[in-house]
Visitor: 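Please read through the structure below; I'll follow up with questions.
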Amino acid sequence: MPYQGGRLNSRAAINQIKLESLPYFVFSGNADIIPYGEDNLYPFRVMSAISKSPTALGCVKRQSEFIMGNGLADGKGDIIVNRDGDTLNDIVNQCIRFGYSQYYGYGVHCNFNSLGQICEMFFVNLEYIRKHRTLNKAEYGIWREQGNYFTDFHNITVDLYDRKTVFSKMREVGTKDYKGQLHYYSKDKEIYPTSPLDSALISASYEKEAQIYPYANIKNGFSGNTIIKYPTLSMGEEAEEEAKEVQENLQKLHGADRAGSSLVVPVSVNKDGEPKEFKMVEHLSPTNVDTLFLNQNGKAENDILKVYNMPKILLGISDQGMFNAASFNDAFDYKNSDTEFDRKEIERDFNKLLKHSVWAMDIEGGINFVPFQMKGENNSIVVPAAPEQEGTESTTTLNTVSPEQLKAQANLKGSVGGVQGIIQIQQSVSQGLSTTESALSVLELIYGFTNEDARRLLGNPEKTKQDAGQTNF
C-alpha cells in the first residue's frame with residue numbers, strides 16, 4: 001500500500017496516517033539506523049531550542065517568509081500534488097518553514113504510478129526520519145532515548161529516492177503495494193544536515209532559561225539563594241562525607257529554575273555543644289546581576305541574529321530609536337538578496353523531482369520563486385497580478401496569518417524587547433526620524449497589529465521643537 005499522507009511533524013498528524021500506527025523507536029547504538037547526533041535526538045534539541053527562544057523563532061519565521069516570497073511564479077504553485085489537496089506551494093512552503101529554515105534539510109515522500117512517474121508528494125519532517133546504514137532505505141518513526149531499540153512494531157520502511165530503482169522495486173511488491181520513495185535533501189550533502197542554529201544552540205537555550213529566571217524570582221519574592229546551617233557533632237570521615245554531600249547539594253542551587261532556593265547544611269560545634277558560627281542563615285547575593293542579565297540577553301540575541309544574517313529591524317527590534325523607512329527598506333533589500341541563494345537551491349532540487357512527475361508538462365521550464373518586492377512609502381509588498389488580470393496590481397504584506405506567525409508575534413508583543421521596540425517606534429515618529437505611515441506598517445508587519453490597533457497604539461505623537469522642519473524618510 002502506498003504511503004497515504006499526513007504531515008509528519010506532530011504525533012496527532014502521525015496518527016492520521018492510514019497505514020499501521022507508527023512505532024516508537026528507542027536508540028541504544030546497535031540498530032540498523034544511522035543515529036542523527038550522538039544520542040539520535042539532535043533534531044529534537046534544535047526544535048526545542050527554537051520553540052523556546054523568541055529570537056530564534058522569529059528568525060526561522062522571517063527566514064522562511066523571505067525564501068518563499070510570494071510563492072511559485074506563473075500559477076505553477078497551485079497544482080494539487082496529493083490526495084489531501086495540498087498544492088505544490090503548500091509542500092514547498094512546509095519544506096522551507098519546517099525543514100530548510102530549521103535544519104537546512106527536508107524530506108519529500110513520493111508515490112509513483114504504473115509508468116514510474118511521481119504522482120503524489122508529501123512533506124516529511126526530518127525529526128521522524130532516520131536512514132539505514134546501507135544508505136538506500138529510511139525509517140519513519142517517533143524516536144526516544146531510553147532502554148533498547150525495538151523493531152517488533154509495524155514500522156514504516158521506505159526506499160531512499162533513486163530514479164533507477166523505481167520499476168524494479170514496484171515489480172517486487174506490485175504497484176499498488178509499493179510504499180514509494182523518500183527524497184531526502186541535505187544542504188551540505190552530508191548524511192544528515194546540520195542546523196543553521198547549531199553554532200548558536202547555547203544562546204537559544206539561554207533565552208529559554210532567561211525566561212525561567214525572572215519567573216522563578218517572582219515566585220520567591222526576589223529573595224536570593226540562602227544557606228541555613230545547623231549544629232553537628234560529626235568528625236573525621238563522617239564529617240568529610242557530610243561536606244561532600246553539602247558540596248553536591250550546593251550545585252543544586254545553580255540554574256534559572258532554582259533562583260531564590262534554600263539549602264540546609266551542618267556546622268560543627270565546640271566541646272560544649274555550641275555552634276562555632278552564630279550566623280546560622282547566610283544569603284548568597286550575586287554581584288550586579290541586572291547588568292550581567294542584560295548583557296547576556298543582548299549577546300544571545302546577537303548570536304542568533306548572526307547565524308541567520310537577520311537585521312534586527314525585520315524582527316521589530318531597533319537600535320537608538322532609529323526605526324525609519326530607509327532603514328527598513330535597506331534591511332528588506334539585504335534580506336531578499338541574502339536568501340536568493342536559498343531560493344535557487346530549492347528550485348534546483350524540486351525541479352529534479354518534478355521533471356519525472358505527472359506534472360512535468362504543466363511546469364515546463366521548471367519552477368521559480370517570486371521574491372517579495374517593496375512598493376511606496378507604506379512598505380506594502382507587491383504581488384504580481386494573475387494572468388487573467390494582467391495590467392493590474394494587488395498588494396499584501398508579510399503578515400499572513402498562520403499559527404506559527406501568531407505565536408511568534410504574541411511572544412514579541414509580550415516580551416520586554418517587544419515593548420521597548422514599540423516605545424522606540426513612537427519616539428522615532430515624535431522625533432521626525434520616521435513617518436507615521438512607516439511606523440504603522442512596521443506595527444502591522446512585525447507585531448501583527450491590525451491597522452486600527454496600530455493607529456490607536458501610535459496615537460498622535462507631537463513633533464519635538466528640535467525636529468521641526470526635519471525631512472522624513
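One is the number of the first residue; the rest follow in order along the sequence. Just so you know, these numbers come straight off a predicted model, no measurement behind them.
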Visitor: Could I get the full list of ring pair (Phe, Tyr, Trp, His ring centres under 6.0 Å) partners for Tyr103, not counting sequence neighbours?
Guide: none
Visitor: How close do Met121 and Ile91 get, heavy atom to heavy atom, and via which atoms?
Guide: O-CD1, 3.7 Å
Visitor: Would you find more than 12 non-hydrogen atoms of other residues, nucleotides or ligands less than 6.0 Å from Leu115 atom CG?
Guide: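 Yes.
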Visitor: Checking Phe112 now: which residues fulfil ring pair (Phe, Tyr, Trp, His ring centres under 6.0 Å) with it, not counting sequence neighbours?
Guide: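 By the ring pair (Phe, Tyr, Trp, His ring centres under 6.0 Å) rule, Phe112 matches no residue at all.
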Visitor: Of all residues at least two apart in sequence or in a different chain, which pass the side-chain hydrogen bond (donor to acceptor under 3.5 Å, both in side chains) check with Ser114?
Guide: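 Result, side-chain hydrogen bond (donor to acceptor under 3.5 Å, both in side chains) vs Ser114: none returned.
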Visitor: Going by salt bridge (Lys or Arg N to Asp or Glu O under 4.0 Å), name the residues that satisfy it together with Glu340, two or more places apart in sequence or in a different chain.
Guide: Arg343, Lys344
Visitor: Just jot down the salt bridge (Lys or Arg N to Asp or Glu O under 4.0 Å) partners of Asp86, sequence neighbours excluded, or say none.
Guide: none
Visitor: Determine the sole option in Lys179, His132, Lys137 for which the side-chain hydrogen bond (donor to acceptor under 3.5 Å, both in side chains) test with Asp159 is passed.
Guide: Lys137
Visitor: Should the pair Phe123 and Phe98 be assigned to parallel (<30°), tilted (30 to 60°) or perpendicular (>60°) ring geometry?
Guide: tilted
Visitor: Taking side-chain hydrogen bond (donor to acceptor under 3.5 Å, both in side chains) as the definition, give me every residue that meets it alongside Asn93, ordered by chain and number, with sequence neighbours left out.
Guide: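 Asn93 satisfies side-chain hydrogen bond (donor to acceptor under 3.5 Å, both in side chains) with no residue once adjacent residues are dropped.
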Visitor: Let me have the donor-acceptor pairs involving side chains of residues 356-367, under 3.5 Å, with sequence neighbours excluded, atom names and distances please.
Guide:
unit_1	atom_1	unit_2	atom_2	d
Ser357	OG	Leu354	O	2.7
Ser357	OG	Trp359	N	3.2

Visitor: How far apart are the closest heavy atoms of Phe372 and Asn70, and which atoms are they?
Guide: CE2-OD1, 3.3 Å
Visitor: Should Lys169 and Asp162 count as an ion pair when the cut-off is N to O under 4.0 Å?
Guide: no
Visitor: List for me each residue that meets ring pair (Phe, Tyr, Trp, His ring centres under 6.0 Å) alongside Tyr192, sequence neighbours excluded, and say none if there are none.
Guide: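 Here the qualifying residues are Tyr36.
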Visitor: What closest approach, in Å, do Asp90 and Gly85 show between heavy atoms, and which atom pair accounts for it?
Guide: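 Scanning both residues, the minimum pair turns out to be OD2-O, 4.4 Å.
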Visitor: Under 3.5 Å, side chain of Asn336 to main-chain N/O of Thr339, donor-acceptor pair present?
Guide: no
Visitor: What are the two closest heavy atoms between Pro196 and Tyr308, and how far apart are they?
Guide: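 Looking at all heavy atoms of both residues, the closest pair is CG-OH, 3.7 Å.
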Visitor: Return the set of residues passing salt bridge (Lys or Arg N to Asp or Glu O under 4.0 Å) with Lys131 (not counting sequence neighbours), or none when no residue passes.
Guide: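 So Lys131 forms no salt bridge (Lys or Arg N to Asp or Glu O under 4.0 Å) with any residue.
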Visitor: Run the side-chain hydrogen bond (donor to acceptor under 3.5 Å, both in side chains) test against Gln63 and tell me which residues pass, sequence neighbours left out.
Guide: Lys335
Visitor: Where the side chain of Gln102 meets the backbone of Met47, is there a donor-acceptor pair that is under 3.5 Å apart?
Guide: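 Absent.
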Visitor: Looking at residues at least two apart in the chain, or sitting in another chain, which of them share a side-chain hydrogen bond (donor to acceptor under 3.5 Å, both in side chains) with Asp78?
Guide: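 Per chain and number, Asp78 pairs via side-chain hydrogen bond (donor to acceptor under 3.5 Å, both in side chains) with no residue.
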Visitor: Among residues at least two apart in sequence or on other chains, which ones pass ring pair (Phe, Tyr, Trp, His ring centres under 6.0 Å) with Tyr100?
Guide: Tyr104
